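Residue numbers begin at 1 in each chain, while the letters A, B, ... track the order of the sequences. Nothing here was measured: the structure is a model prediction, and the numbers come from that model.
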Amino acid sequence: MATRYWLLKSEPESFSIDDLQRAPKQTTFWNGVRNYQARNLLRDEMKVGDGVIFYHSNADPAAAVGLAEVVRAGYPDGTQFDPKSDYYDPDAKPDDPRWFMVDIKFKEKFVRPLPLDLLRTLPALADMVLLRRGSRLSVQPVTPAEWKTIVAQGRRPA
DNA sequence: GCCAACGTTGGC
DNA sequence: GCCAACGTTGGC
């Protein structure tokens with residue numbers, strides 16, 4: 001089966017690509033997603049070996065900053081059962097988990113970040129989910145062509 | 001800090 | 001099942 005590609009948003013103040021690079025085994029679980037559309041992608045679609053574009057949201061500037069890889073497919077996000085967690089969901093049941101996460105591993109940091117306004121200038125990305133008006137999804141599908149374009153741009157020296 | 005866009009909730 | 005109110009996201 002062909003490799004698929006995704007974009008994950010993170011606020012660098014809470015977890016940046018540098019944090020991922022420094023993490024044990026350069027790997028982290030991607031917890032705290034509480035949106036059904038994103039949940040469905042995490043639970044059903046993302047597979048080991050899939051490519052991930054790491055994107056910094058609420059950043060100055062917001063930008064695609066590097067690449068990661070899915071190293072564990074969807075499994076229940078334990079924070080939904082933890083009353084002390086910010087992500088606690090009193091309606092989630094351990095035998096019927098509502099929220100899922102994947103594990104991702106650091107692959108590379110782009111030699112230059114790709115800010116939103118730069119991405120918007122690239123014709124190949126015209127239909128990208130990220131660039132659609134009002135798009136807020138924190139887990140997004142990326143087409144192979146979009147992936148190729150972004151990787152090439154990110155590896156090109158500024 | 002503002003606010004547009006979107007998702008979720010809950011009354012009916 | 002509709003939809004108004006509310007909460008959140010995220011760029012600026």
Requested in this report: Provide, to the nearest angstrom, the distance between the CG atom belonging to Leu137(A) and the P atom belonging to dT8(C).
Outcome: 18 Å
Query raised in the report: CZ of Arg98(A) versus C1' of dT9(B): gap in Å, rounded?
Result: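 One finds 12 Å between C1' of dT9(B) and CZ of Arg98(A), rounded.
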Requested in this report: State plainly whether one hydrophobic cluster holds both Ile53(A) and Leu137(A), where clusters connect Ile, Leu, Val, Met, Phe, Trp and Tyr through side-chain heavy atoms under 4.5 angstrom apart.
Outcome: no
Report task. Indicate, with yes or no, if Ile104(A) and Phe106(A) share a hydrophobic cluster defined by side-chain heavy-atom contacts under 4.5 Å among Ile, Leu, Val, Met, Phe, Trp and Tyr. Result ->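 Yes, it is one cluster - the side chains of Phe106(A) and Ile104(A) are joined through contacts under 4.5 Å.
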Report task. Specify the residues of residues 58-66 of chain A, ordered by number, for which at least one heavy atom lies under 4.0 angstrom from an atom of DNA chain C. Result -> Asn58(A), Ala62(A)
Query - Salt bridge present between Arg98(A) and Asp89(A) (N-O < 4.0 angstrom) - result: yes
Query - Salt bridge present between Arg39(A) and Asp77(A) (N-O < 4.0 angstrom) - result: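 Not counted as a salt bridge, because no side-chain N and carboxylate O are separated by less than 4.0 Å.
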Query raised in the report: Counting N and O atoms only, with roles assigned by atom type, does the side chain of Gln26(A) sit under 3.5 Å from a partner on the main chain of Gln21(A), one being a donor and the other an acceptor?
Result: yes
Report task. Using modelled atom types only, decide if a donor and an acceptor are shared between the side chain of Asp96(A) and the backbone of Lys93(A) within a distance under 3.5 Å. Result -> no
Query raised in the report: Can you list, by residue number, the residues of residues 7-18 of chain A that have a non-hydrogen atom closer than 4.0 angstrom to DNA chain B?
Result: none
Requested in this report: Can you sort out which residues in residues 117-133 of chain A have a heavy atom within less than 4.0 Å of DNA chain B? Ascending by number, please.
Outcome: Arg133(A)
Query raised in the report: Between dT9(C) and Tyr55(A), is there an OP1 or OP2 to side-chain N/O distance shorter than 4.0 Å?
Result: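 Negative; the distance criterion is not met.
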Query raised in the report: Side chains of Met101(A) and Tyr75(A): closer than 4.5 Å at any heavy-atom pair?
Result: yes
Query - Plane angle bin for Phe15(A) and Phe54(A) - parallel if under 30°, tilted between 30 and 60°, otherwise perpendicular - result: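 Ring orientation, 0 to 90° scale: tilted.
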Query raised in the report: In terms of ring plane angle, is the pair Tyr36(A) and Trp99(A) parallel, tilted or perpendicular, where the classes change at 30° and 60°?
Result: tilted
Would you list the protein and nucleotides 4-7 of chain C atom pairs, both N or O, that sit under 3.5 Å from each other?
none

Kindly list each side-chain donor-acceptor pair under 3.5 angstrom involving residues 119-133 of chain A, sequence neighbours excluded, with atom names and distances?
{"residue": "Arg120(A)", "atom": "NH1", "partner": "Leu131(A)", "partner atom": "O", "Å": "3.2"}
{"residue": "Thr121(A)", "atom": "OG1", "partner": "Leu118(A)", "partner atom": "O", "Å": "2.6"}
{"residue": "Arg132(A)", "atom": "NE", "partner": "Asp127(A)", "partner atom": "O", "Å": "3.3"}
{"residue": "Arg132(A)", "atom": "NH2", "partner": "Asp127(A)", "partner atom": "O", "Å": "2.9"}

Query raised in the report: Does Val48(A) sit in a hydrophobic cluster with other residues, and if so which ones, taking ILVMFWY side chains as linked at heavy-atom separations under 4.5 Å, directly or through other members?
Result: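 Answer for Val48(A): none, a lone residue.
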Query raised in the report: Looking only at side chains, do Arg34(A) and Thr79(A) share a donor and an acceptor under 3.5 Å apart?
Result: yes
Requested in this report: Identify the residue among Arg112(A), Lys109(A), His56(A) that makes a side-chain contact (heavy atoms from CB on, under 4.5 Å) with Val65(A).
Outcome: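 Single pass found, and it is His56(A).
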